[in-house]
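From a predicted model like this one, the values you see are computed outputs, not experimental measurements. Here is the naming used below: chain letters follow the sequence lines, and residue numbers restart at 1 for every chain.
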Protein chains: 2
Amino acid sequence: MSAPAQPGSPPAGLRKGATRHDHIVEDIRSFIVDGRWPPGFQLPVETDLAERYGVSRMTMNKALGQLAREGFLVRRKKSGTQVAQPRAESAVVAIADIRDEVRRSGRAHRFHLLARRARPGREEDALLLGDAPGSREVLWLQGLHLADDHPFCFETRLINPDAAEGAKEQDFADLAPGAWLLGAVPWSVASHRVRAVNATAAEAKLLELEVGEACLEIVRRTQAAGDWVTGVRLLYPGSEHQLVANFGPDAGGGPSRG
Amino acid sequence: MSAPAQPGSPPAGLRKGATRHDHIVEDIRSFIVDGRWPPGFQLPVETDLAERYGVSRMTMNKALGQLAREGFLVRRKKSGTQVAQPRAESAVVAIADIRDEVRRSGRAHRFHLLARRARPGREEDALLLGDAPGSREVLWLQGLHLADDHPFCFETRLINPDAAEGAKEQDFADLAPGAWLLGAVPWSVASHRVRAVNATAAEAKLLELEVGEACLEIVRRTQAAGDWVTGVRLLYPGSEHQLVANFGPDAGGGPSRG
DNA sequence: GGCGACGATATGTCTAATCATAATCCCGAT
DNA sequence: ATCGGGATTATGATTAGACATATCGTCGCC
């Protein structure tokens, strides 16, 4: 192995818009991801690196701290800083917004409302909401997302009219309820569940599939201020749709870990 | 609406192990997620907040900067700091390590090797690897992950013997290749793809399903130092398996966004 | 009334310094 | 030889201060 290439050389080659610690983060990350610094590699001490890069210890600390939060480095007092071992074979997959998803593939997005009812909550609503909504009135919707007028996603949704002000007055004829809710609901903390299911006869007809064809089912429950706002089930043709992730060692210490 | 509850009150109630900026981050985040500070809400200026919390501006800056990176706040010079609008209906789903997954459900994990061959690369290998491996020799494996001796996941894998030193000598009879690779490969940057597929007759038999039943397919390609290390296809019974995520507005500015 | 320049303002970044904390090393006593 | 305790060391946290930068308002000129 011998000594890996040295960092800290380029004080001149500063890209515009990049701060010093950004530059250092990218530099060190490149050392790690391309293998020049293997897992377990012991980095020089903070003060040393700071001197090599020509920055103060605070700036170096910020850069190393960020890399540690991202999971590339492990830092322990006295022991110093080491390149992290690859963690479990875990990863993180992004679920995109439907409109963005369709548009990114270069097609036109359209929403077609199939059904809309205001009715009291039922037991079966717990499938979308986790908890039963009680006997309060809920808004129930079904619709189809189209990409270039081709079926893309079948949506079944419950909305809490108490939490989503103005929902009762919306007819959702063309506007997808998800898009409308984004602008109307004060905040959302959501939980998602992804499964594979076989298309029922009705679903197959709507999505223009064979009965029993595998579909990707995403159930999302959205809350705000303790109360549920909406629960939605999205059904994508499995052959067409896919979730993609590109990731290094860690997801980067996101917000809701507690 | 009126004035939301004030922050900065508790200088006394410091939990153990929590730093000051951690405390501030949690405090402000709670204001946002439970709706006391709605989207678009204008926060007091940094110096003001710092004074209220009894910390320096640097510490306050660290806390606000972290919340901004997490996506809860939007900061612009002169305009000040605002609570972010809920972004697209996007989310992030975690893919866990298979052993962890099984063990977390309280069952015993076991791997059963079905086939193992060293052979030249083929065109069809591109399905797992993205690119064709050329005519170099590859290691091809198939096996079944069991939870309490019940089929849990069907695995098909290609390994690059040049990148994974010692792979040729491993027989993988009991040790799952994923677990072995974690300890043998210097680093891995992986890309994942999740789809829904119908079980073929062979797959259904192995997983003890009906033919055509919906399954969750995860394809992972792992690289190290520019070369591919392994490509794997994991097939889970769709009814049994699910991916779950709990998230706020953003995934938190992870490592590989470029 | 419209347009441009300039100043005020809030955040962004960086520095040097200090204290805290945890882990390790090392040396001496038993 | 081993165990314990202090010294050492590297990171962690915090602060006050300084300068940079983007942007919003406003004032004055045309």
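- Here C:dG12 presents its C1' atom at 15 Å from NZ of B:Lys62, a figure rounded to the nearest Å.
- For the pair A:Met60 CE and C:dT13 P, the computed distance is 16 Å after rounding to whole Å.
- Close to C:dT24, at under 4.0 Å from its OP1 or OP2, lies a side-chain N or O of A:Ser79.
- In this structure, NZ of B:Lys77 is placed 19 Å from P of C:dA8, rounded to the nearest angstrom.
- Between the CD atom of A:Glu46 and the C1' atom of C:dC14 there is a distance of 15 Å, given to the nearest Å.
- In terms of position on DNA chain C, the residue among B:Arg75 and A:Arg76 whose nearest nucleotide sits closer to the 5' end is B:Arg75.
- Across all their heavy atoms, B:Ala50 and B:Ser56 have their closest contact at CB-O, 3.8 Å.
- For DNA chain D, the outermost nucleotides in 5' to 3' order that have an atom under 4.0 Å from a heavy atom of chain B are D:dA13 to D:dC24.
- Heavy-atom neighbours of A:Gln82 CD from other residues, nucleotides or ligands within 6.0 Å: above the threshold of 12.
- Side-chain atoms of A:Thr47 and A:Arg57 form no donor-acceptor pair, as typed in the model, at a separation below 3.5 Å.
- Look at CE on A:Met58: it is 10 Å from P on C:dT15, rounded to the nearest Å.
- Between the side chain of B:Ser79 and the main chain of B:Arg76, no donor-acceptor pair closer than 3.5 Å is present.
- Considering only side-chain N and O atoms, A:His21 lies nowhere under 4.0 angstrom from the phosphate OP1 or OP2 of C:dT13.
- We find that CZ of B:Arg57 is positioned 16 Å from P of C:dT15, with the value rounded to whole Å.
- To the nearest angstrom, C1' of C:dA10 lies 16 Å from CD of B:Glu51.
- Panel note: side chain B:Asn160, backbone B:Thr230; no donor-acceptor pair is recorded below 3.5 Å.
- B:Ser191 and B:Arg221 share no donor-acceptor pair across their side chains, judged by distance under 3.5 Å alone.
- Side chains of B:His109 and B:Arg103: a donor-acceptor N/O pair is absent below 3.5 angstrom, by distance only.
- For A:Arg20, whose side chain is taken as the heavy atoms from C-beta onward, the closest listed nucleotide among C:dT18, C:dT21, C:dT15 is C:dT15.
- Across the protein-nucleic acid pair, B:Lys78 atom NZ and C:dA10 atom C1' stand 7 Å apart, rounded to whole Å.
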